[in-house]
Amino acid sequence: MNTQRRLLVTGSLSGIGRATASGAARRGWSVLGLDLVGDRAREDDGVVTRHCDITDEASVRDAFAGVDEAWGGLAPHALVHCAGIYRFKPAVTTTAADWDTIVNINARGSLLVAAAAAERMLEGGEGGSVTLLSSIAAVRGDAGEPSAAYSASKGAVVSLARQLAVEWGPGGVRCNVVAPGVIDTPMTTVSHDPQAFEQVLGRIPARRLGTADEVARVCLFLASDEAAYVSGTVIAVDGGQSAA
Ligand SMILES: NC(=O)c1ccc[n+]([C@@H]2O[C@H](COP(=O)([O-])OP(=O)(O)OC[C@H]3O[C@@H](n4cnc5c(N)ncnc54)[C@H](O)[C@@H]3O)[C@@H](O)[C@H]2O)c1
C-alpha cells in the first residue's frame, strides 16, 4: 500500500498555493495542483498542476476524476485550497456582477472543492484534512484598498469551515482556516504604491509583509498529522495585525 502523503493544492501556480505545493514536495509528499491554467509540471519542484475552474461544477468533477486516476483511486490525505481572487472595489461601485464573480470564486469555489475532496476522504475511510484560506479582511475593514465583496466572501469561508468541521468530523475529516494578513504575492497590489505601503506597514505589529512561505508552513502543519486534533479553527498568519 502506498503510504506517501497525498496533498491536493488549489491555486498551485501562484503565491501561497505555489509555496504550499513546493513545500510539500520538499517534504516528500505526493502533490497534485489544480489551477485555471493546468496540465503542466513545474521544473523546479516537479509538481503537476491540472486545469480546474473552481467555480464550475463540471470542471471540478473532471479535475477530481483526473486526481483519482493519478492516485489510483486513493483519496487525498489533505486539501489546501488556496485558489481565490481579490479585486479592489469600493462598496458603492460594486455591481452585482462584481459581487457574483468574487463571492463565487472565493466562497462557492471553497465549497465545491472542499466537498469533492471530503467525499473521497470520507469514502476512503482514513479521514483527512481540509484547509481553506480566509483573510484578515474577514475581521478587519480596510479604508485604503477596500473590497466589500472580498471581505464578505472571506467571512463566508470561516462560517463554511466551521460547519464542515462539524459535519465531517465524525468521519475523521478535519476542516480549518488559515487567515493571512498582507502577504507579498502577485495578488497583493498595495506594495506598488509607496504611500499606501507605509500606511499598511503601520497597521502590522511585525512592520513587514508576510511571505508566501510563512503562510504555506502553517497550511502544511494543518495538512499534516501534527495537527491531528485541530479542527474547526482559524489560524491568523498576519504578523499580529488582527490583534492590533
Ligand atoms: N496575498 C495576500 O495578501 C492574501 C491575504 C489574505 C488572504 N489571501 C488568500 O490566500 C489565497 C491565495 O492568495 P495568493 O496571494 O497566493 O493569490 P495569487 O493571486 O498569487 O494566487 C491565486 C491563484 O488562484 C488561482 N485562481 C483564481 N481563480 C481561480 C479559479 N476560478 N479556478 C482555479 N484557480 C483559480 C489563480 O490562477 C492563482 O494561481 C487566496 O484565497 C487569497 O484570498 C491572500
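For ligands, and for the atoms within them, numbers begin at 1 and follow the listed sequence. Excluded from the calculations below are hydrogen atoms, water molecules and symmetry mates; all remaining heavy atoms, backbone and side chain alike, are included.
Around atom 9 (C) of ligand 1, the closest heavy atom drawn from S134, P186, S135, G84 belongs to S134. Nearest-residue assignment for atom 5 (C) of ligand 1 (options G181, A19, C219, G109; heavy-atom criterion): G181. By heavy-atom distance, the residue among A83, S59, A216, G210 lying nearest atom 26 (N) of ligand 1 is A83.
Of the protein's non-hydrogen atoms, C82 O, 3.1 Å is the one closest to atom 11 (C) of ligand 1. At the top of the distance list for atom 44 (C) of ligand 1, counting protein heavy atoms only, stands M187 SD, 3.8 Å. Distance from atom 14 (P) of ligand 1 to its nearest protein heavy atom, with residue and atom name: T185 OG1, 3.7 Å. In this structure, atom 23 (C) of ligand 1 lies nearest to the protein heavy atom G11 CA, 3.8 Å. The closest protein non-hydrogen atom to atom 31 (N) of ligand 1 is D53 OD1, 3.1 Å. Among protein heavy atoms, atom 10 (O) of ligand 1 sits closest to I16 CD1, 3.6 Å. In this structure, the protein non-hydrogen atom closest to atom 38 (C) of ligand 1 is D35 OD2, 3.7 Å. Protein heavy atom at the shortest distance from atom 32 (N) of ligand 1 is I54 N, 3.1 Å.
When L132, T55, I85, I54 are each tested for a side-chain contact (heavy atoms from CB on, under 4.5 Å) with N106, only one passes: I85. Checking each of D45, D213, D44 against R18 for a side chain to side chain donor-acceptor pair (under 3.5 Å) leaves exactly one that passes, namely D44. In summary, of the residues considered (R6, Q4, M121), a side-chain contact (heavy atoms from CB on, under 4.5 Å) with H77 occurs for R6 alone.
Remark: the backbone N or O of L36 is paired with a side-chain donor or acceptor of H51 at under 3.5 angstrom. No side-chain donor-acceptor contact under 3.5 Å links S135 to the backbone of K154.
Using a 4.5 Å cut-off between side-chain heavy atoms of Ile, Leu, Val, Met, Phe, Trp and Tyr, with links allowed through other members, I183 and V234 fall into different hydrophobic clusters. Grouping the Ile, Leu, Val, Met, Phe, Trp and Tyr side chains by contacts below 4.5 angstrom, directly or via other members, places L32 apart from L220. A continuous path of Ile, Leu, Val, Met, Phe, Trp and Tyr side chains, each step under 4.5 Å between heavy atoms, connects V80 with W29, placing both in one hydrophobic cluster.
Residue contacts with ligand 1: K154 is included, with a non-hydrogen atom under 4.0 Å away.
Near Y150, with a cut-off below 4.0 Å to any heavy atom, the atoms of ligand 1 are 6 (C), 7 (C), 8 (N), 9 (C), 42 (C), 43 (O). Within the listing of ligand 1, atoms 16 (O), 18 (P), 20 (O), 21 (O), 38 (C), 39 (O) sit less than 4.0 angstrom from a heavy atom of S14. Interface atoms of ligand 1 facing G15, defined by a heavy-atom separation under 4.0 Å, are 16 (O), 20 (O). Within ligand 1, counting atoms from 1 as listed, the ones closer than 4.0 Å to a heavy atom of C52 are 32 (N), 33 (C). Set against the non-hydrogen atoms of T188, the atoms of ligand 1 under 4.0 Å away are 1 (N), 2 (C), 3 (O).
At a heavy-atom cutoff of 4.0 Å, ligand 1 is contacted by no atom of Y86, backbone or side chain. Of all the heavy atoms of I183, the ones lying under 4.0 Å from any atom of ligand 1 are found in both the backbone and the side chain. With a 4.0 Å heavy-atom cut-off, ligand 1 is reached by no atom of A179. When non-hydrogen atoms are compared, ligand 1 lies under 4.0 Å from neither the backbone nor the side chain of R18.
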Side chain to side chain donor-acceptor pair (under 3.5 Å) between D98 and T101: does it pass, once the steps are laid out? CA-CA 5 Å; D98 293 331; T101 300; 6.0 Å; no
Give the C-alpha distance, both sets of side-chain angles, the deciding distance and a yes or no for salt bridge (charged side-chain N to carboxylate O under 4.0 Å, His left out) between R174 and D225. CA-CA 11 Å; R174 300 181 287 110; D225 284 340; 5.1 Å; no
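Shown here are the salt bridge (charged side-chain N to carboxylate O under 4.0 Å, His left out) partners of R162, two or more places apart in sequence or in another chain: there are none.
Between E214 and R208, at least one side-chain nitrogen of the basic residue sits less than 4.0 Å from a carboxylate oxygen of the acidic one, meeting the salt-bridge criterion.
Not a single N or O atom of L13, backbone or side chain, sits closer than 3.5 Å to an N or O atom of ligand 1.
Between the side chains of S242 and D238, at least one donor N or O sits under 3.5 Å from an acceptor N or O.
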